[in-house]
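Hydrogens, waters and symmetry mates are skipped; everything else that's a heavy atom, side chains included, is used.
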Amino acid sequence: MQNKSLPNIEWTADEAAVFQRLTQHRQSTSAELIKYCAIQNPQGLVATMQQKLAGTEWQIFSSVMRTTDPKKMPIAYYRLLRKPLSSLK
């Protein structure tokens with residue numbers, strides 16, 4: 001994403017790593033965020049980032065793919081997207 005209107009938010013080091021990955025890749029999985037951004041809890045970190053993005057035109061869309069094996073953690077998919085115009089009013 002080469003967009004100049006990305007929010008200028010004070011991120012923690014972990015948040016900055018995740019934000020950079022989401023701006024450079026169309027989509028990232030929770031496993032990729034753990035591996036490449038060296039974070040432990042992608043879901044919690046993204047939830048905190050969502051709060052910081054609340055006053056902007058951006059959001060992190062997340063979806064979770066369930067697993068049939070209860071021993072495995074479900075994989076979540078994350079994307080940085082613009083909010084629909086109707087939600088900005």
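Scanning for side-chain contact (heavy atoms from CB on, under 4.5 Å) contacts around A31 gives T29, I75, with sequence neighbours left out. For the side-chain contact (heavy atoms from CB on, under 4.5 Å) test, residues two or more places apart in sequence or in another chain that qualify with Q43 are N41, Y78. Under the rule for a salt bridge (Lys or Arg N to Asp or Glu O under 4.0 Å), the partners of K52 that lie at least two apart in sequence or sit in another chain are E15. Partners of A17 under the side-chain contact (heavy atoms from CB on, under 4.5 Å) rule, at least two apart in sequence or in another chain, are C37. For the side chain to side chain donor-acceptor pair (under 3.5 Å) test, residues two or more places apart in sequence or in another chain that qualify with S28 are R21. With sequence neighbours left out, the side chain to side chain donor-acceptor pair (under 3.5 Å) criterion links Q27 to R79.
Note that CH2 of W58 and NZ of K83 are 11.0 Å apart. Values are rounded to the nearest 0.5 Å. Here the straight-line distance linking atom CD1 of I9 with atom OG1 of T12 works out to 11.5 Å at 0.5 Å rounding. Here the OG atom belonging to S30 is positioned 9.0 Å from the CD1 atom belonging to I39, to the nearest 0.5 angstrom. W11 contributes atom CH2, which lies 4.0 Å from atom CG of L53 (distance to the nearest 0.5 angstrom). The distance from atom CZ of R26 to atom CG of L81, rounded to the nearest 0.5 Å, is 9.5 Å. Atoms CG and CD1, on L45 and I34 in that order, are 11.0 Å from each other to the nearest 0.5 Å.
Contacts classified as salt bridge (Lys or Arg N to Asp or Glu O under 4.0 Å) and involving residues 36-46 (residues at least two apart or in different chains) are not found. Residues in residues 34-50 take part in no salt bridge (Lys or Arg N to Asp or Glu O under 4.0 Å) pair, two or more places apart or across chains.
Panel note: side chain Q50, backbone I60; a donor-acceptor pair is recorded below 3.5 Å.
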